[in-house]
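Heads up, the thing below is written out as structure tokens.
Quick caveat: nothing in here was measured; it's all calculated off a predicted structure. In each ligand, atom 1 is the first atom listed, and ligand 1 is the first ligand listed.
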Amino acid sequence: MIQTPYYLIDKAKLLRNMEKIAYVRDKSGAKALLALKCFATWSVFDLMREYMDGTTSSSLYEVRLGREKFGGETHAYSVAYGDNEIEEVIGHADKIIFNSIGQLDRFADKASGIARGLRLNPGMSSSSFDLADPARPFSRLGEWDAAKVEAVMDRISGFMIHNNCENKDFGLFDRMLSEIEEKFGALLSRAEWISLGGGIHFTGDDYPVDAFCERLKAFSGRHGVQIYLEPGEASITRSTTLETTVLDTLNNGKDLAVVDSSIEAHMLDLLIYRESAKVEPNAGPHSVMICGKSCLAGDIFGEFRFPEPLKVGDRVSFQDAAGYTMVKKNWFNGVGMPSIAIRDFDGSVRLVREFTFADYEQSLS
Ligand SMILES: Cc1ncc(COP(=O)(O)O)c(C=O)c1O
């Protein structure tokens with residue numbers, strides 16, 4: 001028995017996503033790069049690299065991790081690089097995508113040995129959160145003005161456009177891509193490659209994958225470009241749980257259970273976006289509010305239904321715990337860091353990482 005809390009990555013579930021990604025690559029001709037900002041747990045990269053072309057990154061450390069642990073095609077992107085890191089970034093990357101013309105001006109010469117690209121901001125997105133909307137007013141994420149971009153075409157061979165966000169709606173993806181073609185069409189046709197970023201939930205159950213592949217293929221043919229996709233969430237969705245144990249129960253007007261984890265420390269995105277965690281099957285007569293063990297008053301995973309009242313020692317598994325969780329976990333309150341375990345195809349579970357007091361201590365000085 002592995003001591004909770006731990007993230008449990010199920011390889012068979014991960015494989016379902018990988019097979020869909022491989023299908024899309026095959027049918028559309030697009031290449032797929034894992035977005036490390038979402039998921040960087042390299043213990044399962046041996047499986048993922050069979051189905052994906054490489055990685056994309058948002059920093060020096062991510063690009064280095066991608067190069068060293070995943071291999072394949074390695075794209076470098078960052079909102080801004082510093083003088084102290086640019087050479088190392090270039091050393092790890094096959095392509096570097098600059099966020100602005102200012103960064104391109106500063107670093108294009110240094111990066112002349114690899115392919116260079118620019119992030120475009122089409123001024124529209126599928127995000128329902130202002131916080132995560134790349135097209136929010138005054139957004140710093142990419143260049144908006146086609147005339148300005150035109151002037152630097154001699155120094156770049158491609159573009160990255162990331163404007164989808166948790167987008168399950170193929171129609172919306174299609175419409176936005178058409179608007180992008182209208183806005184930047186002439187420039188797109190002068191590029192050799194275009195990355196359409198992440199945020200497209202094409203590995204979801206009801207997603208019209210064939211229509212998606214056709215659309216990508218038509219886009220690629222029309223503009224004569226190699227398409228890249230940068231799936232983060234779509235690569236790992238529904239592959240992982242966060243396993244916890246009930247430490248205490250109370251009734252303060254509602255039945256409450258405190259588990260040996262913390263939403264703030266271990267599933268931070270849910271707190272940021274004010275979303276509930278997921279528990280399955282979430283059915284039964286007993287409603288319990290599951291709370292984390294940090295001191296934050298709002299450290300609450302959500303309210304769920306159970307067949308029996310929860311008691312100390314019961315296991316609670318939070319679903320869909322791979323994306324933006326392990327990459328964001330933190331030492332708030334010194335809460336014990338979840339280990340990382342993998343369920344192999346034969347059903348056996350092995351622990352791949354444990355964290356101790358030394359890790360906590362070494363994260364500070
Ligand atoms: C440039 C870029 N590519 C890819 C991704 C991955 O997005 P997702 O995990 O929603 O697929 C993001 C997420 O913010 C991003 O900013």
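Within the 4.0 Å heavy-atom cutoff, Glu166 does not count among the residues contacting ligand 1.
Residues that satisfy the side chain to side chain donor-acceptor pair (under 3.5 Å) test with Asn282, not counting sequence neighbours, are absent from this structure.
Considering backbone and side-chain N/O atoms, Tyr77 never comes within less than 3.5 Å of an N/O atom of ligand 1. Note: no N/O pair closer than 3.5 Å links Pro231 and ligand 1 by distance alone.
Heavy-atom proximity to atom 2 (C) of ligand 1, evaluated over His201, Lys37, Glu233, His75, is greatest for Lys37.
Residue contacts with ligand 1 for His162 involve side-chain atoms from C-beta outward but no N, CA, C or O (heavy atoms, distance under 4.0 Å). At a heavy-atom cutoff of 4.0 Å, ligand 1 is contacted by the side chain of Tyr324 but not by its backbone.
Membership of an apolar cluster is not assigned to Val327, as no side-chain contact below 4.5 Å to another ILVMFWY residue is traced.
The pair Lys31-Glu73 meets the salt-bridge criterion, since a charged nitrogen lies less than 4.0 angstrom from a carboxylate oxygen.
With hydrogens and angles left out, the side-chain atoms of Tyr23 and Asp210 include a donor and acceptor closer than 3.5 Å.
Protein heavy atom in closest approach to atom 11 (O) of ligand 1: Gly199 N, 2.8 Å.
Each of Val258, Leu256, Asp255 was evaluated against Met289; a single residue qualifies, Leu256, per the side-chain contact (heavy atoms from CB on, under 4.5 Å) test.
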